[in-house]
There are 2 protein chains.
Amino acid sequence: MRREFKKKSRILLIDDNYEHLSGIRELLNLEGTFDVVGIATNVTMGLNLIKKYQPDVVLLDMNMPERDGLQGILEINKLELGTKVLALSGYDDADLIFRAMKIGAKGYVLKTMASAQLIYAIEEVLNGKIYLPNALTSRFFEYFQKSFQEENSKQENSMDEENLLNELTQREEEVLELLTQGITYKGVANKLFISETTVKTHVNNIFQKLQVNDRTQAVLYAINNGFLTKRVKIAV
Amino acid sequence: MRREFKKKSRILLIDDNYEHLSGIRELLNLEGTFDVVGIATNVTMGLNLIKKYQPDVVLLDMNMPERDGLQGILEINKLELGTKVLALSGYDDADLIFRAMKIGAKGYVLKTMASAQLIYAIEEVLNGKIYLPNALTSRFFEYFQKSFQEENSKQENSMDEENLLNELTQREEEVLELLTQGITYKGVANKLFISETTVKTHVNNIFQKLQVNDRTQAVLYAINNGFLTKRVKIAV
DNA sequence: GATGATATAGATCTTTTGGTCTATAATGTT
DNA sequence: AACATTATAGACCAAAAGATCTATATCATC
């Protein structure tokens with residue numbers, strides 16, 4: 001696959017600093033393999049241009065007034081045009097990096113980085129990879145690990161303690177699952193095609209096993225102990 | 001800071017494959033800047049050696065029987081000796097990478113990687129950085145973003161919708177807070193020094209505002225709508 | 001064939017919850 | 001002064017939830 005014969009990659013730039021914008025455009029145009037199909041100084045304009053020109057990659061500045069970069073990522077992704085967003089920022093703010101990556105940026109580069117690295121980042125992203133410079137990867141993970149620290153130390157301690165959820169039989173798990181959706185005995189009975197009293201029996205057994213005395217506590221126990229695994233929640 | 005005068009870095013290896021263990025030991029010894037202070041073929045042995053020799057870095061194989069690698073990371077960190085764990089694995093299993101990094105690995109390298117890269121990884125980790133090869137960074141982030149996908153798309157849609165929790169008065173929030181701990185009317189009444197009927201009134205108002213009909217649903221609404229923000233949960 | 005675990009279900013009773021309506025005091029707003 | 005909001009609280013009632021005890025039927029396993 002020789003570069004010369006490849007179609008030029010379509011790039012769009014969004015940055016409220018016009019000087020910077022022009023600088024990058026020059027740089028990318030000089031490179032020869034890129035085609036800067038549009039530039040915008042705010043997200044709203046950018047979104048319109050994206051719809052119009054459907055670029056492969058959008059370089060999106062994170063630090064803009066009003067509708068900011070994070071929001072921009074979400075909205076670009078909402079268009080579902082397969083546009084890849086490469087976040088661009090002046091600072092290596094760990095929180096910002098974390099949030100940008102979390103909501104779907106394909107990479108994150110600093111404005112202070114050498115232009116060669118920017119080019120490389122764009123190429124990686126174009127190839128479907130995710131690109132984060134080593135320094136930012138470090139900062140990202142420090143933040144990442146810190147945000148999970150609490151949970152980890154909790155887990156260290158509770159790891160040898162058995163998870164009471166494991167005591168539940170399959171049927172009991174099904175019942176609990178429905179309880180975590182806020183359903184009454186009658187509702188559960190209907191869903192599982194069993195009598196209400198049977199549900200009550202199951203629920204009572206669940207309470208015994210989880211050492212709680214009511215639904216709410218059972219549901220909370222379930223949520224806090226990985227019953228609804230893969231649940232992730234960090235404020236954007 | 002010239003390498004020759006630096007104290008050799010202390011490394012410990014844990015891998016159930018003895019051949020591999022010896023191979024790495026040779027490699028690191030040849031390098032000259034490392035001092036392999038111990039090797040172990042399982043986590044239990046490894047932990048003992050770590051307590052004894054206090055290495056700077058532990059190379060820990062992820063794919064071991066019985067007490068596995070993830071558990072190993074947790075337990076090494078629990079010792080709080082500042083030992084840096086570099087995870088080592090034969091496969092680039094995204095889930096495993098994610099979980100290892102989440103619980104505090106300082107890096108993750110594949111056994112198939114060139115020895116130079118292993119050396120580099122160890123050095124980065126020794127310097128307090130976090131090291132993940134580009135390929136694994138990509139895999140990590142794909143997994144990472146996927147696990148947040150649901151939440152992101154939810155946020156896109158619900159971003160303008162008002163959060164019903166905002167309708168609640170301060171007192172109602174306090175009551176809801178207690179409900180999310182699984183407390184009865186009587187319990188809430190005692191905690192807030194008000195009568196049980198007052199609590200009922202508040203709770204009824206909360207139900208109205210959140211458009212639910214019982215505690216469980218209210219608690220679930222609260223949890224799912226950022227009442228307990230910064231809550232993070234991914235199964236280890 | 002006895003044992004144990006599981007799923008099913010009925011009877012009974014107490015406690016808790018939830019719905020509705022009314023009422024008062026305090027506070028702030030127009 | 002009139003009005004709205006909020007926090008407080010009582011009365012009453014119906015529905016739901018929870019606790020306890022007993023009892024079958026199935027299935028695996030020893």
Side-chain angles (χ1 to χ4, degrees), chain A residues 160-229, chain B residues 160-229:
Chain A
D160 353 62
E161 293 174 23
E162 78 287 43
N163 186 338
L164 296 177
L165 288 172
N166 296 331
E167 312 281 294
L168 299 184
T169 67
Q170 259 199 305
R171 200 55 162 171
E172 285 162 355
E173 279 186 18
E174 291 178 58
V175 174
L176 180 54
E177 163 107 37
L178 293 175
L179 287 193
T180 63
Q181 290 163 31
I183 309 186
T184 65
Y185 286 144
K186 208 171 293 184
V188 176
N190 288 334
K191 289 230 176 193
L192 296 183
F193 305 108
I194 54 181
S195 95
E196 208 179 321
T197 37
T198 306
V199 178
K200 285 176 127 183
T201 309
H202 285 313
V203 171
N204 265 298
N205 291 335
I206 292 171
F207 289 170
Q208 300 271 320
K209 291 186 179 176
L210 300 188
Q211 295 165 23
V212 298
N213 344 289
D214 60 55
R215 301 157 125 29
T216 312
Q217 286 173 20
V219 168
L220 289 171
Y221 186 94
I223 290 176
N224 288 326
N225 290 81
F227 188 68
L228 310 170
T229 42
Chain B
D160 357 58
E161 291 177 24
E162 80 286 45
N163 185 338
L164 296 177
L165 287 172
N166 296 330
E167 312 281 295
L168 300 184
T169 67
Q170 258 199 304
R171 199 54 161 172
E172 285 162 357
E173 278 186 19
E174 290 178 60
V175 173
L176 180 54
E177 164 105 38
L178 293 175
L179 287 192
T180 62
Q181 291 163 31
I183 309 186
T184 65
Y185 287 144
K186 209 170 295 183
V188 176
N190 288 334
K191 288 231 178 194
L192 297 184
F193 305 108
I194 53 180
S195 97
E196 208 178 321
T197 36
T198 306
V199 178
K200 286 176 114 178
T201 310
H202 285 312
V203 170
N204 264 297
N205 291 336
I206 292 171
F207 289 169
Q208 299 272 320
K209 292 186 179 176
L210 300 188
Q211 295 164 23
V212 299
N213 350 284
D214 60 54
R215 298 153 156 321
T216 312
Q217 285 173 20
V219 168
L220 289 170
Y221 186 94
I223 290 175
N224 288 326
N225 290 79
F227 190 67
L228 311 169
T229 41

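Each chain gets a letter, A, B and so on, in the order the sequences are listed, and its residues count up from 1.
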Quiz item: Quick one: does NZ or CZ of R215(B) land under 6.0 Å from the six-membered ring centre of F207(B), within 45 degrees of the ring axis?
Solution: no
Quiz item: To the nearest Å, how far apart are N213(B) CG and dA14(D) P?
Solution: 20 Å
Self-check item: First of E196(A) and Q208(A) reached from the 5' end of DNA chain D, by closest nucleotide
Solution: E196(A)
Quiz item: Rounded to whole angstrom units, what separation is found between the CD1 atom of I194(A) and the C1' atom of dT24(D)?
Solution: 16 Å
Practice problem: For H202(B) and dG18(C), give me the distance from atom NE2 to atom C1', rounded to whole Å. | Solution: 16 Å
Quiz item: Can you find a side chain N or O atom of Y185(B) that sits less than 4.0 Å from OP1 or OP2 on dT15(C)?
Solution: no
Quiz item: Of all the choices, dT17(C), dA19(D), dA7(D), which nucleotide is nearest to the side chain of R215(B) once you look at every atom?
Solution: dT17(C)
Quiz item: Taking only N and O in the side chain of T198(B), is any of them less than 4.0 Å away from OP1 or OP2 of dA9(D)?
Solution: yes
Quiz item: Nearest to the side chain of K200(A), which nucleotide is it out of dG18(D), dA7(D), dT17(C)?
Solution: dG18(D)
Quiz item: What nucleic acid atoms does K186(A) come within less than 4.0 Å of, heavy atoms only: base, sugar-phosphate, or nothing?
Solution: sugar-phosphate
Exercise. Rounded off to whole Å, could you give me the CZ-to-C1' distance for the F207(B) and dT20(C) pair?
Key: 15 Å
Exercise. With heavy atoms under 4.0 Å as the rule, sort T184(A) into base, sugar-phosphate or nothing.
Key: sugar-phosphate
Practice problem: Ignoring the backbone of N204(A), work out which of dG18(C), dG18(D), dT8(D) is nearest its side chain. | Solution: dG18(D)
Self-check item: Inter- and intrachain pairs under side-chain hydrogen bond (donor to acceptor under 3.5 Å, both in side chains), touching residues 186-195 of chain B, at least two apart
Solution: S195(B)-T197(B), S195(B)-T198(B)
Practice problem: Report yes or no: does E172(A) contribute a side-chain atom to a donor-acceptor pair with the main-chain N or O of T169(A) at less than 3.5 Å? | Solution: yes
Quiz item: Rounded to the nearest 0.5 Å, what separation is found between the OG1 atom of T180(B) and the CD atom of Q217(A)?
Solution: 11.5 Å
Quiz item: OP1 or OP2 of dG10(D) less than 4.0 angstrom from a side-chain nitrogen or oxygen of S195(B), does that happen here?
Solution: yes
Self-check item: Distance below 4.0 Å between T169(B) side-chain N/O and dA7(D) OP1 or OP2
Solution: yes
Quiz item: What nucleotide, of dA19(D), dA7(C), dA9(C), holds the atom closest to the side chain of R171(A)?
Solution: dA7(C)
Quiz item: Is any side-chain N or O of T197(B) closer than 4.0 Å to OP1 or OP2 of dG10(D)?
Solution: yes
Self-check item: Selection from dG10(C), dT8(D), dG18(C) that lies nearest to any side-chain heavy atom of T201(A)
Solution: dG10(C)
